[in-house]
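I have placed the structure first, in the form of structure tokens, so that the comments after it can refer back to it.
As the structure is a computational prediction, the values presented were derived from the model and not from experiment.
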2 protein chains.
Amino acid sequence: MSLRYALLGLLAEAPASGYDLARKFERNLRRYAWHAQHSQIYPELNRLAADGLAAVVEEGPRGRRTFAITDAGRDELRRWVLDPDDDPVVRNEHTLKLFLLSTLDVEDARKMLRQQAEGSLQEYERLRAAITEADRGGRPPVELFAAELGARYFLTLHEWARWALQRLDSE
Amino acid sequence: MSLRYALLGLLAEAPASGYDLARKFERNLRRYAWHAQHSQIYPELNRLAADGLAAVVEEGPRGRRTFAITDAGRDELRRWVLDPDDDPVVRNEHTLKLFLLSTLDVEDARKMLRQQAEGSLQEYERLRAAITEADRGGRPPVELFAAELGARYFLTLHEWARWALQRLDSE
DNA sequence: AATAGCATGTAATCAGTTACATGATTTA
DNA sequence: TAAATCATGTAACTGATTACATGCTATT
């Protein structure tokens, strides 16, 4: 059910079409929190409209339909966001690979950890620059929140990879 | 396909039954990297055996079957771990909720962020203690790697929540 | 006039969750 | 001897990905 709330959340910031939302997932959410393809988004938008949680507010060229969240949608979104999630599940293939590095030859693991350390530092710097820029532009909070947590996570990943390297060397 | 490699990775550390593996997901992996229920694990173990990537090495009471990774399994696991993942997707409902806090009233958001800041600090301390203990016991690396990254992530989350609070106040 | 990007949809398949189902062994 | 835990499995359903399908509009 997370998809439905991700869509409501994005619509709560600004009205958008399915196409817009697909790009928002791609740019802001997919690397940190959630993802959906257009084939999942369009039907779900129609369901949200049928349930009265969102509504078409504008029709544009090429059949474009802009959706906005309704009052009922905001209530439902709030309820979900404030509802504490017990036993959370995270799916992160990249993290899984990092953990499983420990099952490889020390040489393989060392090589990958070095690459990881370098790559995550670069990502960190890239995001920091993007945040400075976005902040000037007064970008919507969801994007800024995501970018800031993303940047901090990449720095943490960088530091963890360096820790793991040291750990391998000391054995 | 991640499930298959998660299983191979756990088997690469030590032979285990489906039941053992379900507990490992629950304890070590589900909060950071991947999850699977027993209903997914048992059939996949049989598929791994059919594909020659794992094999039953022991039969115990109550129909218990202990699986071990094969040489072919290790090769396949290594191939996957070293294979760089382009366009990664993360599914993390908790992070999604944190991002969407920004769509709520400032008072709602503030309250949740304070709870988040407190909760993640507690989790951090809990994990740090567990790591110290596990390290003495010479626990398998996958567990230690996971716990160490988990601890660092919780601390980062704590710091981010405090940043987000400040950010709300300054507007 | 061609190309890239905008824009929406459905169908088939695969992955993951929940519910159903059974029974053995250990511990209190 | 009752309860908790160990142990495995299948079936039905829901969620997510990939492939198929179509057409418009703006830019070069």
Side-chain angles (χ1 to χ4, degrees), chain A residues 1-8 10-11 15-27 29-31 33-51 54-67 80 85-93 96, chain B residues 1-8 10-11 15-27 29-31 33-51 54-67 80 85-93 96:
Chain A
M1 287 275 71
S2 292
L3 168 63
R4 138 162 299 214
Y5 298 101
L7 291 173
L8 282 177
L10 293 173
L11 291 179
S17 68
Y19 190 85
D20 297 335
L21 294 164
R23 279 186 312 179
K24 282 178 197 239
F25 272 106
E26 198 64 47
R27 291 183 190 166
L29 258 32
R30 99 173 253 163
R31 301 196 62 162
W34 209 260
H35 187 56
Q37 320 271 4
H38 78 269
S39 60
Q40 225 184 336
I41 293 170
Y42 289 117
E44 188 63 35
L45 278 175
N46 289 326
R47 274 191 290 268
L48 285 171
D51 294 346
V56 176
V57 289
E58 195 193 324
E59 309 220 355
R62 281 164 292 200
R64 176 189 172 95
R65 291 184 304 150
T66 304
F67 289 80
W80 181 80
D85 32 28
D86 34 52
D87 56 296
V89 173
V90 173
R91 284 178 198 280
N92 188 333
E93 190 173 303
L96 179 61
Chain B
M1 287 275 70
S2 293
L3 168 63
R4 139 162 299 214
Y5 297 101
L7 291 173
L8 283 177
L10 293 173
L11 291 179
S17 68
Y19 189 86
D20 297 335
L21 293 164
R23 279 187 311 179
K24 283 178 196 239
F25 272 107
E26 198 63 47
R27 292 182 189 167
L29 257 33
R30 101 173 251 163
R31 301 196 63 162
W34 210 258
H35 187 57
Q37 321 270 5
H38 78 269
S39 59
Q40 226 184 334
I41 293 170
Y42 289 118
E44 188 62 35
L45 278 174
N46 288 328
R47 274 190 290 269
L48 285 171
D51 295 345
V56 176
V57 289
E58 194 192 324
E59 311 219 354
R62 281 165 291 201
R64 177 191 170 92
R65 290 183 304 149
T66 304
F67 289 80
W80 181 79
D85 32 28
D86 33 52
D87 54 297
V89 173
V90 172
R91 283 177 200 281
N92 188 332
E93 191 172 303
L96 180 61

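Straight-line distance from the CD1 atom of B:Ile41 to the P atom of D:dG9: 12 Å, rounded to whole Å. Straight-line distance from the CG atom of A:Asp20 to the P atom of C:dG5: 16 Å, rounded to whole Å. Taking atom CD on B:Glu26 and atom P on C:dT17, their separation rounds to 11 Å, with Å as the unit. Atom CD of A:Gln40 is separated from atom C1' of C:dA12 by 15 Å (rounded to the nearest Å). One atom, CZ of A:Phe25, and another, P of D:dG15, lie 14 Å apart when rounded to the nearest Å. The interatomic distance linking A:Asp85 (CG) with C:dT17 (C1') rounds to 17 Å, in whole Å. As rounded to whole Å, 10 Å separates atom P of D:dA16 from atom CD of B:Glu93. Distance CD (B:Glu58) to C1' (D:dA7): 14 Å, rounded to an integer number of Å.
Note on A:Ser39: a base of the nucleic acid sits closer than 4.0 angstrom, heavy atoms only. Contacts of B:Arg4 with the nucleic acid, taken as non-hydrogen atoms under 4.0 Å apart, are absent.
Taking only side-chain atoms of A:Pro61, from C-beta outward, the nucleotide of D:dT5, C:dT10, D:dT25 with the closest atom is D:dT25. In the set C:dT25, D:dG15, C:dG5, C:dG5 carries the atom at the smallest distance from any side-chain atom of A:Arg62. In this structure, the nucleotide among C:dG5, D:dA16, C:dG9 sitting nearest to the side chain of A:Trp34 is D:dA16. Distances were taken from every side-chain heavy atom of B:Tyr19 (C-beta onward) to each of D:dA19, D:dT5, D:dA16; the shortest belongs to D:dT5. Of the candidates C:dT25, C:dT8, D:dT8, C:dT8 carries the atom nearest the A:Ser17 side chain, counting heavy atoms from C-beta on.
Residues A:Trp80 and B:Leu96 approach most closely at CH2-CD2, 3.7 Å, considering heavy atoms. Heavy-atom minimum distance, B:Val90 versus A:Arg31: CG2-O, 3.2 Å. In plain terms, the two heavy atoms of A:Ala36 and A:Phe25 that are nearest each other are N-CD2, 3.8 Å.
Contact check, A:Tyr42 against C:dG9: no side-chain N or O comes under 4.0 Å of OP1 or OP2. Note on B:Arg23: every side-chain N or O is 4.0 Å or more away from OP1 and OP2 of D:dA7. An OP1 or OP2 oxygen of C:dG16 is reached within less than 4.0 angstrom by no side-chain nitrogen or oxygen of B:Gln37. For D:dA7, the OP1/OP2 oxygens have a side-chain nitrogen or oxygen of B:Arg64 closer than 4.0 Å. Distances shorter than 4.0 Å separate some side-chain N or O of B:Arg65 from OP1 or OP2 on D:dG9. B:Arg91 has a side-chain polar atom (N or O) that falls below the 4.0 Å cut-off from OP1 or OP2 of D:dA16.
Heavy-atom distances to DNA chain D give each of B:Pro43 and B:Val89 a nearest nucleotide, and the one nearer the 5′ end belongs to B:Pro43.
The base of D:dG9 is paired with the side chain of B:His38 by a donor and an acceptor separated by under 3.5 Å.
Counting only distance, with no hydrogens or angles, the side chain of A:Arg91 and the backbone of B:His35 share a donor-acceptor pair below 3.5 Å. In this structure a side-chain-to-backbone donor-acceptor pair under 3.5 Å is missing from B:Arg64 to B:Tyr19.
By the 4.0 Å N-to-carboxylate-O rule, A:Glu26 lies too far from A:Arg23 to be salt-bridged with it.
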